[in-house]
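Chain letters run A, B, ... following the sequence lines, proteins first, then strands; residues in each count from 1.
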Number of protein chains: 4
Amino acid sequence: MRTQELREFSPRKTPVQARSGVTVEAIQEATIQVLLEHGRERLTTTRVAERAGVSVGTLYQYYPNKRALLFSALEQHLSRVGDAVERACREQLHQPLEPMVKGVVEAFVDAKMERTDISLALYSIASELDGEVLVRRIGTRGRNALATMLETAPGVRFENVQFTVMMMFAAITNATRAVLESGASPKMVRMLRRELVLLCHGYLACSGTPKLE
Amino acid sequence: MRTQELREFSPRKTPVQARSGVTVEAIQEATIQVLLEHGRERLTTTRVAERAGVSVGTLYQYYPNKRALLFSALEQHLSRVGDAVERACREQLHQPLEPMVKGVVEAFVDAKMERTDISLALYSIASELDGEVLVRRIGTRGRNALATMLETAPGVRFENVQFTVMMMFAAITNATRAVLESGASPKMVRMLRRELVLLCHGYLACSGTPKLE
Amino acid sequence: MRTQELREFSPRKTPVQARSGVTVEAIQEATIQVLLEHGRERLTTTRVAERAGVSVGTLYQYYPNKRALLFSALEQHLSRVGDAVERACREQLHQPLEPMVKGVVEAFVDAKMERTDISLALYSIASELDGEVLVRRIGTRGRNALATMLETAPGVRFENVQFTVMMMFAAITNATRAVLESGASPKMVRMLRRELVLLCHGYLACSGTPKLE
Amino acid sequence: MRTQELREFSPRKTPVQARSGVTVEAIQEATIQVLLEHGRERLTTTRVAERAGVSVGTLYQYYPNKRALLFSALEQHLSRVGDAVERACREQLHQPLEPMVKGVVEAFVDAKMERTDISLALYSIASELDGEVLVRRIGTRGRNALATMLETAPGVRFENVQFTVMMMFAAITNATRAVLESGASPKMVRMLRRELVLLCHGYLACSGTPKLE
DNA sequence: CATGAATGAGGTTTCATTCAT
DNA sequence: TATGAATGAAACCTCATTCAT
């Protein structure tokens, strides 16, 4: 079952010739463009292919179905963000809470703001693919990295790290989303960064219990 | 334009007869059921009508189109939650931060947990209707009530209440969503309540500046 | 599994209004017409609907998919033929071999020749649907009736009636097919009748062993 | 018109190199395999090429189109069977009816049973290519050989040999098909042989009229 | 000669919506 | 008013075939 699900999304062929690499990228970019211009409801495989300058048939040589196309777009984005968060977490191991929070928040916000168009476009399909195994797995990666990091924070212990992390994650992602959806002016992004650090640090400070080492 | 948009969603006829009231309710309930059972992608007007025990024709007598149907379901739910939050805000005017937060969080979580099935079902259509005027307006109501309340908190002042509220709101709604989507066991809901209060209060305490009165 | 298979072919809705009865018949007739005019390869649901004077949508209200459409055409025809054979078999119970064979052959050939166009058209789809449960079941009906009849023939016994019947059935159906496919002129049909009786009776006479009663 | 038709099916190039011979054979074998595994509906040129270990392009170097591919598979098989029958007929010239029938039936059944997989696979495409000139011509070969043979049978004359042969042929081919499709166990094949001889001989004995020489 | 990426017409199927009954 | 048969645009997807590399 799981294998089948995974196969449903795995790309159909690995491009061996040079030109197909170009094609795949064109399709991926076109997916985002169409998503932003027409919205998820009106995103059709034909429109994406057209936008990418190829035929539908070509699109279907690389993606077995529409969901796989959307999935791939989402996955790539979430992976990038996940990577950024993981890296930040690794860098802040054993640091005090404050720099920890700061590092992670900056990494996340930066990653999201790098291509606001993509970030925005993908919110609309995230809900559609929410149930998917891989999507969940990717989301989990970030949370696990956070949990691991928090457990190395000196002088503080969290009763239920998983839950704490979930709370923090929910706050970070959704606040960022709200800012993105209301335009993401530089000023707002600056405020977002500052306030997210405040919010997360405040929460962790209250939620954790002192630990003797 | 806006008038037109608003008209597009308003129910076609006001149910004056007793029978119509029953029918409309049946359709609304059916919408939720179908949403939960088949998912948004496979929600069809025919299926909803069938589930409600009426014909498609009848459905179209009460809703001008499918979006109006979904919209109405979402609106009703959001209104209920919005009302609860507004009431809580009114009750906590001029209270200290802690009870304020506690009151609002409890009101929100309670409202969401009253019918977890509905709450869950509607997440899938929220993104679809996200751009709609009315939906935004409803979301705004809660935030305004929160802002108004916060400004009556004794001894503390917020530089940019709108932003602060937005942050808090984002955290509250998304954490609740995460809990709902992972099953919403009584234990988790209890933790959610407690941690949300911690998180919000921590944030507000950090974010606000002392105020001389 | 079997239930699912059966459902795949069962008509989608039972026509309750008068007009739909007409529609279904028009679609069935159109299926045959298109089959004859364009061949199975070029039979498309759109073409059938067009020919029937309805829209594709209407076609799909009565048949869940293309296979069901073809299946229904085949089933109706085979049932009719099967009925004729069964009736003939019942009428010849306990008769001597000669009238038995005559009765069955006549019944079969008559049934097939009643609408040579339909008979011909369906050969092309029979192979496609050959594996299907119901098709097999219908074919079995005729053979069972034949076997039952043969076992009541006075003074003769067959070692392996099933096999004997299969042989006879294969000969009858395929010879009829050959005649149909080469034009089925009245003269040929007359010869077919006579020779089939000869062939079957000759075979049964050789194949059976005398039985003391 | 006819010339064009014939050209449509002829292989595009005559395999002169050793390698090509291997390739063509691989493709033919792959055609059968795919036919058996996926069925005619899902037989695609790409799949056949893949299975044969070559690219689609290569396939199209040897066959001008898909029909030609199927046609060639069918033709080869039918030729082989036709050869066997012709040979048997030649060997039984001027023999009495009984050995004639025996010889032909054995030859036919043996030829069909040599590769039951191929025989089975081809039934599904026979109907599709039924109208083709060459296919018909091949079928005719066997019947002509049979007719020629029967006319040399001592002491018996057939009023309409063509028709008689057609009947016999229909019985032989379809009974064999039925046995193949129900598994073709050794025991069944043995019975098929015996009963076909009975059936054909019985028929010819009844159908023919004594002849003075 | 072989490859396999690209094509795009055309197939099947769905479903929001209308309207005669 | 309620019904549900009919509509048909439009979606997804396949696959025979070509041709630049």
(request) Summarise protein proximity over nucleotides 7-12 of chain F in one line of letters, 5' to 3': B for base, S for sugar-phosphate only, - for none, counting protein heavy atoms closer than 4.0 Å. (result) BB--SS
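- Residue D:Y63 places no side-chain N or O under 4.0 Å from the OP1 or OP2 atom of F:dT17.
- Here the OG1-CD distance, from B:T23 to B:Q61, works out to 10.0 Å after rounding to the nearest 0.5 Å.
- In this structure, CD1 on D:I118 lies 4.5 Å from CD1 on D:I32, to the nearest 0.5 angstrom.
- Nearest heavy atoms, B:Y63 versus B:V24: OH-CG1, 3.5 Å.
- The two residues A:L59 and A:T45 make their nearest non-hydrogen contact at CD1-O, 3.6 Å.
- The interatomic distance linking B:E50 (CD) with F:dA5 (C1') rounds to 15 Å, in whole Å.
- The pair A:E37-A:R42 fails the salt-bridge criterion, with no side-chain N (NZ, NE, NH1 or NH2) lying under 4.0 Å from an Asp/Glu carboxylate O.
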(message) Let me check I have this right: for DNA chain E, each base becomes ., (, ), [, ] or |, based on Watson-Crick or G-U pairs with both distances under 3.5 Å. What is the full string?
(response) .||||||||||||||||||||
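- A salt bridge does not link A:E128 with A:R67: every distance from a Lys NZ or Arg NE/NH1/NH2 to an Asp or Glu carboxylate oxygen is 4.0 Å or more.
- In this structure, the CZ atom of C:R67 is 10 Å from the P atom of E:dT13, given to the nearest Å.
- Interatomic distance, NE2 of D:H77 versus OH of D:Y123, reported as 6.5 Å (0.5 Å rounding).
- To the nearest 0.5 angstrom, C:Y60 atom OH is 8.0 Å from C:K66 atom NZ.
- Between D:R40 atom CZ and F:dT14 atom P there is a gap of 19 Å when expressed in whole angstrom units.
- Taking atom CG of residue B:L70 and atom P of nucleotide E:dC15, one finds them 14 Å apart after rounding to whole Å.
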